[in-house]
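Below: the structure, in structure tokens.
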Protein chains: 2
Amino acid sequence: MAAAAANEATAAALPAVGASSEGGAQARVTDQIRDAIVRGEYAPNQRLIEADLSAAFSASRATVRTALLELAGEGLVERLPNKGSRVRAISVDEAIEILEVRIGVEGLCAAKVAEHLTDEQAAEFSRLRADMVASVEEGDLVEYSRLNRALDVWVRELSHHATASDVLARLHAQSVRHQFRLSSRPARAKVSVLEHAAIIDAILARDPEGAERAVRAHLLSVIEALREVAAREATA
Amino acid sequence: MAAAAANEATAAALPAVGASSEGGAQARVTDQIRDAIVRGEYAPNQRLIEADLSAAFSASRATVRTALLELAGEGLVERLPNKGSRVRAISVDEAIEILEVRIGVEGLCAAKVAEHLTDEQAAEFSRLRADMVASVEEGDLVEYSRLNRALDVWVRELSHHATASDVLARLHAQSVRHQFRLSSRPARAKVSVLEHAAIIDAILARDPEGAERAVRAHLLSVIEALREVAAREATA
DNA sequence: GGTTCTAAGATTGTAGACAATATCGCGGCT
DNA sequence: AGCCGCGATATTGTCTACAATCTTAGAACC
């Protein structure tokens, strides 16, 4: 069941890559390795030996190789020429860099959504907003985390901005591990939900610049929180 | 000479991929195909048949295949499962999308540069600014275009922001063809040089927000120009 | 005449073997 | 004892052959 949830999350994060249901050994192995990395089954910096993966997933080395190339393109795997592949480790500094880039790109998406919002979409956003507030009040952090991702995905989708979506999908996939560290802190959720509400409010008000500002404020806050957590961990 | 210039531009745009000088057939073929695409030797949407490329570059099909995977990761090649690869065509709409994303990311880079500017860097930027103005006054469009790219690369480098640099490199590689359409218009250069000067001025003033605004203004202007050119071409 | 089935051709996907390269440990030398 | 070179091993890079899949052309049929 946990595996199914992880699968779902990954599929939602990278819809462009291709349906994971079928399409030959190629896509299957790629998806399996990706899931294993995202779920943490393979640790950061762990070497990914083609022969081992080949045996583990019962596919030829050529297939595994193709999968690794693909994942390298997504930024999940690092390939050192003649030295092999390994799980790319994202340091806290890199995670912050990713968030900084997301400010601009996600801000753009939010602005686009605010600009072209239909009434039905507005209703959906209102509902999502209410659900997020409720989940935090009830202390249901996993539900809140789920809604969180849903908001991200919606904004991406409704922006109808393929380029931005691609960039965000790639960045998001890389920083899944760090997202996780924050999402489990109740105090963090209380702050975060207000910021998310502000984003939705700006979108509902059909205010592109306001949405952009709200996204920026939220991500800056996430950066700050990440810095704090990192500092605390360093001293501990 | 034109070929050498194109080569240089590509190498500068994607320094992370690896030195093109050596490193096995792998990198060589990848670079050759990339150059061929960027230079327009292979037209957009043209099919890239592995066997053909294999013969053309005297490498095995596996090597070509790996190269195509790599290029797909860079967004230059489109891979349709079981149907082959082709040169990815960037429509005007997509080019505009790319520019919109660049607003945020390049703005971030410019802000970072403005924030951490050293005196030597400031001197270099001043010189570049003067050179740009001079090249436009003399009507030397190819020189101006070169300085243009130099400014972009410098800002990326000096931002010390690996994530943003990667994203920008990828986006830039895809839109080379459209850049080209604008750079050859003298009227455009006269406007563009003012905007570039404004960006440099903000950086020299060590004003991060100003730099971000200047970048945004410039790229919005580029978008507008691209729309105009596209509209003119459509009616013609 | 048009449509659909079929078969041949073209092209990609997969597999396994071999070559090239890097890594690591051991023995000899200083 | 420490360092350097050298060989053994592990791993990736490359090649060739074969299988699967898609595309296209032609013939049979309605």
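Per chain, numbering begins at 1; letters A, B, ... match sequence-line order.
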Any ion pair linking [Y] and [X] (charged N to carboxylate O, less than 4.0 Å)?
{"X": "B:Arg170", "Y": "B:Glu74", "answer": "no"}
{"X": "A:Arg185", "Y": "A:Glu228", "answer": "no"}
{"X": "B:Asp152", "Y": "B:Arg102", "answer": "yes"}
{"X": "A:Arg216", "Y": "A:Glu100", "answer": "no"}
{"X": "A:Asp131", "Y": "A:Arg127", "answer": "yes"}

### Message
Classify B:Leu80 by what it touches in the nucleic acid, base, sugar-phosphate, or nothing, heavy-atom distance under 4.0 Å.
### Response
nothing
### Message
Any base atoms under 4.0 Å from A:Leu48, or only sugar-phosphate, or nothing? Heavy atoms, all strands.
### Response
sugar-phosphate
### Query
Less than 6.0 Å separating the ring centroids of A:His160 and A:His116?
no
Rounded to the nearest angstrom, tell me the gap between atom [atom1] in [X] and atom [atom2] in [N].
{"X": "A:Asp52", "N": "D:dT11", "atom1": "CG", "atom2": "C1'", "result": "10 Å"}
{"X": "B:Arg65", "N": "C:dA15", "atom1": "CZ", "atom2": "C1'", "result": "12 Å"}
{"X": "A:Gln46", "N": "D:dT11", "atom1": "CD", "atom2": "P", "result": "13 Å"}
{"X": "B:Leu53", "N": "D:dT14", "atom1": "CG", "atom2": "P", "result": "16 Å"}

### Query
Closer than 4.0 Å, any side-chain N/O of B:Arg79 to the OP1 or OP2 of C:dG13?
yes
### Message
I want to check one thing: is the phosphate of C:dG13, taken as OP1 and OP2, less than 4.0 Å away from some side-chain N or O of A:Arg28?
### Response
no
#### Entry: Closest to the B:Ile49 side chain, choosing from C:dT14, D:dT11, C:dT12
C:dT12
### Query
Which heavy-atom pair separates A:Ala169 from A:Arg156 by the least distance, and what is that distance?
CA-NH1, 3.9 Å
### Query
If you take all heavy atoms of B:Glu94 and B:Ala89, which pair is closest and at what distance?
OE1-O, 3.4 Å
### Message
Applying side chain to side chain donor-acceptor pair (under 3.5 Å), can you list everything that pairs with B:Glu120, at least two apart in sequence or on another chain?
### Response
none
#### Entry: Contact state string [nucleotides 20-25 of chain D, B base, S sugar-phosphate only, - no protein heavy atom under 4.0 Å]
-SSS--
### Task
Can you sort out which residues in residues 55-63 of chain B have a heavy atom within less than 4.0 Å of DNA chain D? Ascending by number, please.
B:Ala59, B:Ser60, B:Ala62, B:Thr63
